[in-house]
Structures are given as structure tokens and as C-alpha cells.
Amino acid sequence: MTQALELAREAMAEGEVPVGCVIVKDGVVVGRGRNRRETCRTALGHAEIEAIAMACKTLGGWRLKDCALYVTLEPCPMCAGAIVNARIPVVCYGARDDKAGCCGSVLNLFEERFNHKPRVYGGVLEEACGKILQIFFENLR
């Protein structure tokens, strides 16, 4: 999660909502991502989507069945769907997202009747993950 936080800081430095994500397999980071919605002008520019794409390329396939995803903010519906489709078995997130979180805050997409149900661990480095978001949004006002 500390590497995901560093990616979140990089996103914030570019004026992006500070969210970072890493995907790990056997103790090695195989995918990294950070928010780039503003930079790339796309709704798909979420940290998890970028990290999943890199991990698929690194590992040579779309099934990330032996990986763990670490993200600083609870995944949204799009990212939770991508996690299901990539078959990622473990999801660890930092701060809750009471507006769009799909690991229990708004709903838990992983409890629905999909063919894949990852284990979810929330609150990982929650204070640090929440603080960077708080600073970013305070500076916008």
C-alpha cells in the first residue's frame, strides 16, 4: 500500500484525484496505476484500470488469479467490475468511498451473483490514504 500511496501523491502533483494502485504477484509488483482522468481526458483513467492493464501485459494474460490488488481508495463500480473480470482474488483498499465505493460503502459488488468473489480487506493504511484525499479536496476549495 505504501507504493500505491506514492502513486497517489504523483497523481495529486498532476492535479488528479490522488488514487494509486499496485498489483502484486508472489511479492513482486506486476502492475501500477494512478488516476489520469484529467490528464488523458477519459472516464476510464482510474488507477485500478491502469494497474490491471499493466499487470495483464506483464503476465501475458487477462486472468490475474494469483494476484493481490492494493488501492488507496475503495473501488468504484467500474473498477470493481474490472476486478471481477480479471479474476483478482484479493483486494485491499485504504479509504472508504461513501459516494461511489463498491466494496461495502454504497454497495458490495463482490457479494452479488457473479462468478468471481474476491476477498476484500478495507482500511489498510486508512488514515494516510484518507489524509491525502482530504488535503487534495481542501486545496480545491
Side-chain angles (χ1 to χ4, degrees), residues 1-140:
M1 188 64 82
T2 56
Q3 290 185 41
L5 269 166
E6 184 54 41
L7 289 164
R9 287 184 195 96
E10 290 175 19
M12 185 164 72
E14 291 185 358
E16 299 280 357
V17 175
V19 178
C21 180
V22 296
I23 298 176
V24 177
K25 180 179 180 181
D26 299 326
V28 176
V29 174
V30 294
R32 288 179 169 77
R34 57 190 166 99
N35 271 6
R36 295 182 202 259
R37 289 192 308 176
E38 302 300 330
T39 304
C40 296
R41 296 185 174 131
T42 177
L44 303 176
H46 287 211
E48 298 95 323
I49 301 300
E50 190 171 275
I52 289 170
M54 181 184 283
C56 289
K57 185 174 182 177
T58 300
L59 298 174
W62 62 270
R63 288 182 188 90
L64 303 178
K65 62 184 180 72
D66 297 320
C67 297
L69 182 144
Y70 296 84
V71 63
T72 58
L73 181 65
E74 182 180 0
C76 72
M78 174 179 68
C79 294
I83 290 164
V84 168
N85 281 298
R87 310 296 196 269
I88 298 171
V90 177
V91 175
C92 303
Y93 71 87
R96 288 175 48 95
D97 185 348
D98 292 327
K99 294 182 180 180
C102 283
C103 297
S105 291
V106 174
L107 65 91
N108 190 337
L109 197 71
F110 302 138
E111 288 181 354
E112 299 301 323
R113 294 182 27 221
F114 294 107
N115 61 332
H116 177 72
K117 298 181 185 307
R119 293 184 312 277
V120 177
Y121 303 93
V124 178
L125 295 181
E126 182 175 19
E127 188 175 328
C129 293
K131 187 68 174 172
I132 191 170
L133 287 159
Q134 179 184 4
I135 290 167
F136 176 80
F137 287 110
E138 283 175 355
N139 287 337
L140 282 181

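Since we're looking at a predicted model, the values are computed, not measured.
The backbone N or O of E16 sits nowhere less than 3.5 Å from a side-chain atom of N35 that would complete a donor-acceptor pair. In this structure a side-chain-to-backbone donor-acceptor pair under 3.5 Å is present from R87 to N85. Checking side-chain atoms of E48 against main-chain N and O of A80 turns up no donor-acceptor pair under 3.5 Å. A distance-only check finds no donor-acceptor pair linking the side chain of S105 to the backbone of R96 [under 3.5 Å]. No donor-acceptor pair under 3.5 Å is formed between the side chain of T72 and the backbone N or O of A4. Proximity of a side-chain donor or acceptor of E74 to a complementary backbone N or O of G104 within less than 3.5 Å is detected. Under the 3.5 Å distance criterion, the side-chain polar atoms of K117 are matched with a main-chain donor or acceptor of E112.
The shortest heavy-atom contact between G33 and A51 is N-CB, 3.7 Å. Considering all non-hydrogen atoms of both residues, V106 and A100 come closest at CG2-N, 3.7 Å. Here the closest non-hydrogen pair linking W62 and C56 is CA-SG, 3.7 Å. Residues M1 and Y93 share a closest heavy-atom pair of CE-C, 3.7 Å. The shortest non-hydrogen separation linking F114 to V84 is CB-CG1, 4.1 Å. Annotation for V71 and C21: closest pair CG2-CB, 4.0 Å, computed over non-hydrogen atoms.
The CG atom of N139 sits 7.5 Å away from atom CE of M12, with the distance rounded to the nearest 0.5 Å. With rounding to the nearest 0.5 angstrom, the CG atom of L5 is 13.5 Å from the NZ atom of K131. A distance of 6.0 Å separates CD of E14 from CZ of R36, quoted to the nearest 0.5 Å. Atoms CD and SG, from E111 and C103 in turn, are 10.0 Å apart once rounded to the nearest 0.5 Å. Here the CG atom belonging to L73 is positioned 5.5 Å from the CG atom belonging to L133, to the nearest 0.5 angstrom. Atoms CD1 and CD1, on I23 and I83 in that order, are 8.0 Å from each other to the nearest 0.5 Å.
E10 meets the side-chain contact (heavy atoms from CB on, under 4.5 Å) test with E6, L7, R34; sequence neighbours excluded.
L109 places none of its side-chain heavy atoms less than 4.5 Å from the side chain of P77. Between L44 and M78, the closest side-chain pair of non-hydrogen atoms falls below 4.5 Å. Looking only at side-chain heavy atoms (C-beta outward), V19 and H46 stay at 4.5 Å or farther from each other. Two residues are said to be in side-chain contact when any heavy atoms from C-beta on lie closer than 4.5 Å; I88 and I52 meet this criterion.
Atom NZ of K57 has 12 or fewer heavy atoms from other residues, nucleotides or ligands within 6.0 Å.
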